[in-house]
Amino acid sequence: MSFVEYSDCIKEGDIAIVYVSHENMIPVKVKPGVQTQTKYGVIRHSTDLIGKQYGTKVTCSKGGWVYVLHPTPELWTVTLPHRTQILYTTDIATITMMLELKPGSVVCESGTGSGSLSHAILRSIAPTGHLHTVEFHQQRAEKAAEEFTEHRVGHLVTVRNQDVCKEGFGVSGVADAVFLDIPSPWEAVGHAKTAMKRHGGRVCSFSPCIEQVQKTCEALTDQGFEDISTLEVLLRVHDVKTVSLPTPDFGPTQPTQIQTDEDAKKPPQKQNQPCVTQKTTILPRDMPGHTGYLTFATKPRT
Ligand code: SAH
């Protein structure tokens, strides 16, 4: 198992995602002799997981069943242990596309945080790219490095424990893309430029507040970045419901039938009106909240 490559069978040391329901998924480190507790009872790693195929339905000790899924960056994002706020798939999808990430890309990122975005970047740039990720909180940097090794993507990433605003990314002239998720991104824009290749590249900064966006845009302009644009991605989930609607009344079926003045005064016939059952979608009453603004820019060739 690796987070960037699919394997068929569950092995010792793998991270498997135990799917109990859409709202209840558990990341599990597979180890002989260990048991994982679910609401349907226990899963025994030695007999229920090791040697089985990913995607298998596993019956738990109380008779209910779960699926055991191969890990992906998307599943990791919804199951990872939070050490910070994290980026979710809606923003991540836009970031990886707008930064034009592809196999072989070299990317700089700060802060690493809980590694949610990092895993998606790694899957996009594997097998030949590299991620340089900078995190100034020592335990977070260490934990992220540990997880990258455990997820067998350690060879694709270098974690640096330093302040990106003061010391930069630790590389220069190598990055195709730079991503910033820190409170004062404008202080790191100069370092982003230094880290990037001479022939250009893309930069993105994520900030929850518009004041941060303003300062970042000013810094990007001062550093000569072009095509600066900010966008916000909002996810609107529609609820599918079955509703019963009255059949529309298109008036008399006989076009020749003449409606008298008397008929026109009568109220429309509502009783026993036939109904049709159909599916419709209903908008949520509460819109999912604002996450942040994504500011993109291009570094011109020098
Ligand atoms: N994008 C990450 C979350 C980042 S949270 C994810 O998806 O998981 C922001 C992180 O930036 C925090 O861990 C914080 O410690 C780190 N950080 C803030 N300022 C920093 C700086 N100047 N240099 C390096 N890391 C910084």
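Whatever order the structure lists ligands and atoms in, that order sets their numbers, starting from 1. What you see below is based on every heavy atom in this structure, not just the backbone, and it leaves out hydrogens, waters and symmetry mates.
Taking every heavy atom of G113 and a limit of under 4.0 angstrom, the matching atoms of ligand 1 come to 3 (C), 4 (C), 13 (O). Close contacts of ligand 1 with G115, meaning ligand atoms under 4.0 Å from a residue heavy atom, involve 8 (O). Below 4.0 Å from some heavy atom of Q85 lie the following atoms of ligand 1, by number and element: 3 (C), 5 (S). For ligand 1, the atoms sitting less than 4.0 Å from at least one non-hydrogen atom of T84 are 3 (C), 5 (S), 12 (C), 13 (O), numbered in the order shown with element in parentheses. Close approach to D163 involves these atoms of ligand 1, each under 4.0 Å from a residue heavy atom: 21 (C), 22 (N), 23 (N). Heavy-atom contacts of S114 reach the following atoms of ligand 1: 8 (O) (cutoff under 4.0 Å).
Once rounded to the nearest 0.5 Å, the distance linking OG1 of T149 with NE2 of H155 reads 10.5 Å. The OG1 atom of T96 sits 12.5 Å away from atom NZ of K102, with the distance rounded to the nearest 0.5 Å. Rounded to the nearest 0.5 Å, atoms NE2 (H238) and OG1 (T281) are 5.5 Å apart.
Here the protein heavy atom with the shortest distance to atom 23 (N) of ligand 1 is V164 N, 3.0 Å. Nearest protein heavy-atom neighbour of atom 24 (C) of ligand 1: F136 N, 3.3 Å. Nearest protein heavy-atom neighbour of atom 11 (O) of ligand 1: G111 CA, 3.4 Å. Annotation: atom 12 (C) of ligand 1 to nearest protein heavy atom, R140 NH1, 3.3 Å.
A distance-only check finds no donor-acceptor pair linking the side chain of E135 to the backbone of A141 [under 3.5 Å]. Checked by atom type and distance alone, the side chain of Q212 pairs as donor or acceptor with a backbone atom of C209 at under 3.5 Å. No donor-acceptor distance shorter than 3.5 angstrom exists from the side chain of H45 to the backbone of I50, with no hydrogens or angles considered.
Remark: distances from the non-hydrogen atoms of Q162 to ligand 1 include one below 4.0 Å. Within the structure, the closest approach of T112 to ligand 1 falls below 4.0 Å when heavy atoms are considered.
Under 4.0 angstrom from ligand 1, the non-hydrogen atoms of E135 come from both its backbone and its side chain. Both the backbone and the side chain of S116 come within 4.0 Å of ligand 1, counting heavy atoms alone. Using a 4.0 Å cut-off between heavy atoms, P183 contacts ligand 1 through its side chain alone, with no backbone atom that close. Under 4.0 Å from ligand 1, heavy atoms of D181 appear from its side chain as well as its backbone.
At under 3.5 Å, a nitrogen or oxygen of L117, whether backbone or side chain, sits near a nitrogen or oxygen of ligand 1. At a 3.5 angstrom cut-off on N or O pairs, L87 counts as close to ligand 1.
Residue pairs satisfying the side chain to side chain donor-acceptor pair (under 3.5 Å) criterion with at least one member in residues 222-235, sequence neighbours excluded, are listed as follows: D227-T298, T230-T295, E232-H290.
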### Task
Please test H132 against V106 for side-chain contact (heavy atoms from CB on, under 4.5 Å), starting from the C-alpha separation and ending with a verdict.
CA-CA 8 Å; H132 298 271; V106 176; 4.0 Å; yes
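Applying the 6.0 Å contact sphere to CD of E5 captures no more than 12 heavy atoms from other residues, nucleotides or ligands. Around NZ of K31, the count of heavy atoms belonging to other residues, nucleotides or ligands within 6.0 Å does not exceed 12.
Taking K29 as the reference, E150 meet the salt bridge (charged side-chain N to carboxylate O under 4.0 Å, His left out) condition, with sequence neighbours excluded.
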